[in-house]
2 protein chains.
Amino acid sequence: MASSVQSKRVRKTPEERRTEIVSAAAAIALTEGLECITVRRVADELAVRPGLIGHYFPVTEDLVAEAFGVAATAELDELIPAGRPTDGPVERLARFFSLTVGESYDGVSRLWLNARHLSRYRPTLADRVARQEALWRNRLSGLIREGTEAGVFHTDDPMETAVQILVVLDGLGAHANTDRGDRSPTVANMAVTTAERELDLQKGSLLTLMSAPGTHRAH
Amino acid sequence: MASSVQSKRVRKTPEERRTEIVSAAAAIALTEGLECITVRRVADELAVRPGLIGHYFPVTEDLVAEAFGVAATAELDELIPAGRPTDGPVERLARFFSLTVGESYDGVSRLWLNARHLSRYRPTLADRVARQEALWRNRLSGLIREGTEAGVFHTDDPMETAVQILVVLDGLGAHANTDRGDRSPTVANMAVTTAERELDLQKGSLLTLMSAPGTHRAH
DNA sequence: CACGCTATTGGATGTGCGACCAATAATCAA
DNA sequence: TTGATTATTGGTCGCACATCCAATAGCGTG
């Protein structure tokens, strides 16, 4: 009982330890940024020695890429849950937007900003970013396609519409690290407006469905 | 003549040396990135000793912020020249877009991406970014206001329209470090489309004016 | 010409990083 | 119980960075 640091070493299965490491790294990626994922930082997050991280990830860049992938996938699953939907396309799209306009989405914006910039120097991460972009595109365009087939959305090219929405979302998210305070409602709702226009929905129809969750900004 | 390194030390006026340093740093910012602005890197760019940089910029972060400001201002002056205009608002806006869709604009996109991310950790840079954003907003909204007063553009709020255009531009620029290859014309021209829509211009009217400069992508 | 100012040099200090490796001990099979 | 496997430790190495400082030498002033 003399020392708070653990004297006995705990030995886990490689799989368990590995996911533990990646999870810790993903958490750091979201809260502090991808460049804070360092061998030492992750190590004392898990109360192990730095060398152990290097044992599972001999090249740190691989851990960074993996952490981004896990974090981004988790966020996407929150925005547009995969699997059998319980709601209709309109409700699911409204959910998506209500989550993306909230301030809690700033963390996600920061992560993407972070990853996109860091991709300039880390090819492994660049690959992961490209894969995640495809994942997000596909998930959103899938939702849109569902809606068009159900007759509630109208667009010739669901993928193109999805990309347009994501571009606007990226543009809004670019300011996650700076001002973002003095934003007019028109600008703040640009993504929703884009969706309503490109999907041929009535103006404000999506917006009115978005009041359900706790974190929204009606302004 | 035995040594290629300079044996004699050159002594310049503080103003001259200072601008020299900032210019070198700005060039590095555009080509390699803001985190490559290091005391040593700038020093051997100018063939001086690292200590000299520290003499003019005791805190390196200040040099980084200054370099970004200079680089961004220079780019803006290229996109929307200040001073007495020789062309009309429509031509100037067309020039703006023809320069922003070209691949040569990727460098600028990268710079903004870089600065916006780095602002997360460097408050001094964050201030500079905020000021530059205001500068860009004002310059573009000024141009739009000119056009509305001349009766060629139609919008109730030139500033809001300017911000909308810039948001789309930021969204498109987010991918400057990754793919950006498989982009449909619709997506590639989103910023122009936004302008035409928000300024109540005829569809394609701006686009057709954009063929002049060498670097454009009609797709 | 001599002197003072200071731009510029050369070097030191301390930090954090990724990568590497031999020694140790936990776990499981024989 | 014994032994092999390997997860985990503890430490080292070299590198790049920002910051600080005393010594040096250009250049203008007297």
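Proteins come first, then strands; the chains are lettered A, B, ... in the order of their sequence lines, and each starts at number 1. Bear in mind that the values here come from a model prediction, so they are computed numbers and not experimental data.
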Enquirer: When you check the phosphate oxygens OP1 and OP2 of C:dT8, does a side-chain N or O of B:His55 lie under 4.0 Å from one of them?
Expert: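 For C:dT8, neither OP1 nor OP2 has a side-chain N or O of B:His55 closer than 4.0 Å.
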Enquirer: Would you mind classifying the nucleic acid contact of A:Gly54 as base, sugar-phosphate or nothing, using non-hydrogen atoms under 4.0 angstrom?
Expert: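 No contact.
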Enquirer: Checking side chain to side chain contact (heavy atoms under 4.5 Å, CB included) for the pair B:Asn189/B:Phe97: CA distance, chi angles, key distance, verdict?
Expert: CA-CA 9 Å; B:Asn189 292 319; B:Phe97 282 120; over 6 Å; no
Enquirer: In whole Å, what is the span from the CD1 atom of B:Ile28 to the P atom of D:dC17?
Expert: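 In whole Å, D:dC17 P and B:Ile28 CD1 are 11 Å from each other.
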Enquirer: Base, sugar-phosphate, or nothing: which does A:Pro50 touch, judged by heavy atoms less than 4.0 Å apart?
Expert: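 No contact.
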Enquirer: Does B:Thr38 place a side-chain N or O at less than 4.0 Å from the phosphate oxygens OP1/OP2 of D:dA18?
Expert: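 For B:Thr38, the contact criterion (side-chain N or O under 4.0 Å from OP1 or OP2 of D:dA18) is met.
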Enquirer: Using modelled atom types only, decide if a donor and an acceptor are shared between the side chain of B:Arg131 and the backbone of B:Ala126 within a distance under 3.5 Å.
Expert: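 Side chain of B:Arg131 to backbone of B:Ala126: no pair is present.
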Enquirer: Send over the distance from B:Phe57 CZ to D:dT19 P, rounded to a whole Å.
Expert: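 Between P of D:dT19 and CZ of B:Phe57: 13 Å.
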Enquirer: Report yes if the distance between the aromatic ring centroids of A:Tyr105 and A:Trp112 is under 6.0 Å, otherwise no.
Expert: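 Not under 6.0 Å, so no.
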Enquirer: Tell me: CG of A:Asp62 to C1' of C:dG18, nearest whole Å?
Expert: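 In whole Å, C:dG18 C1' lies 13 Å from A:Asp62 CG.
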Enquirer: If we ignore hydrogens and angles and just use 3.5 Å, is the side chain of A:Gln164 paired with the main-chain N or O of A:Thr194 as donor and acceptor?
Expert: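 No; zero donor-acceptor contacts below 3.5 Å.
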Enquirer: In whole angstroms, how far is the P atom of C:dG18 from the CG atom of A:Leu34?
Expert: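 Rounded to whole Å, this separation is 13 Å.
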Enquirer: Side chains of B:His117 and B:Glu35: do they bring a donor and an acceptor to under 3.5 Å?
Expert: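 Judged by distance alone, the side chains do not pair up.
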Enquirer: Quickly work out the A:Leu52 CG to C:dA22 P distance and round it to whole Å.
Expert: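 So the two atoms are 18 Å apart, to the nearest Å.
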Enquirer: Report yes if a donor N or O on one partner sits less than 3.5 Å from an acceptor N or O on the other, where the partners are the side chain of A:Arg9 and the base of D:dT8; otherwise report no.
Expert: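 Such a pair exists between side chain and base.
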Enquirer: Please determine whether a side-chain nitrogen or oxygen atom of A:Thr60 lies at a distance below 4.0 Å from atom OP1 or OP2 of C:dC17.
Expert: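 For C:dC17, OP1/OP2 do not have a side-chain N/O of A:Thr60 under 4.0 Å.
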Enquirer: Can you find a side chain N or O atom of A:Tyr56 that sits less than 4.0 Å from OP1 or OP2 on D:dT8?
Expert: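 Yes.
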Enquirer: Nearest whole angstrom, please: distance from the P of D:dG10 to the CD1 of A:Ile53.
Expert: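 About 14 Å, once rounded to whole Å.
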Enquirer: Between the base of D:dT6 and the side chain of A:Arg11, is there any donor-acceptor pair under 3.5 Å?
Expert: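 Donor-acceptor pair under 3.5 Å: yes.
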Enquirer: If I take atom CD in residue B:Glu16 and atom P in nucleotide C:dA7, what distance separates them, rounded to the nearest angstrom?
Expert: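 Interatomic distance, CD of B:Glu16 to P of C:dA7: 13 Å.
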Enquirer: Give the rounded distance in Å between these two atoms: CZ of A:Arg17 and C1' of D:dA7.
Expert: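 So the two atoms are 8 Å apart, to the nearest Å.
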Enquirer: Is there a donor on the side chain of B:Arg40 or the base of D:dA18 sitting less than 3.5 Å from an acceptor on the other?
Expert: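 Flag set: donor-acceptor pair detected.
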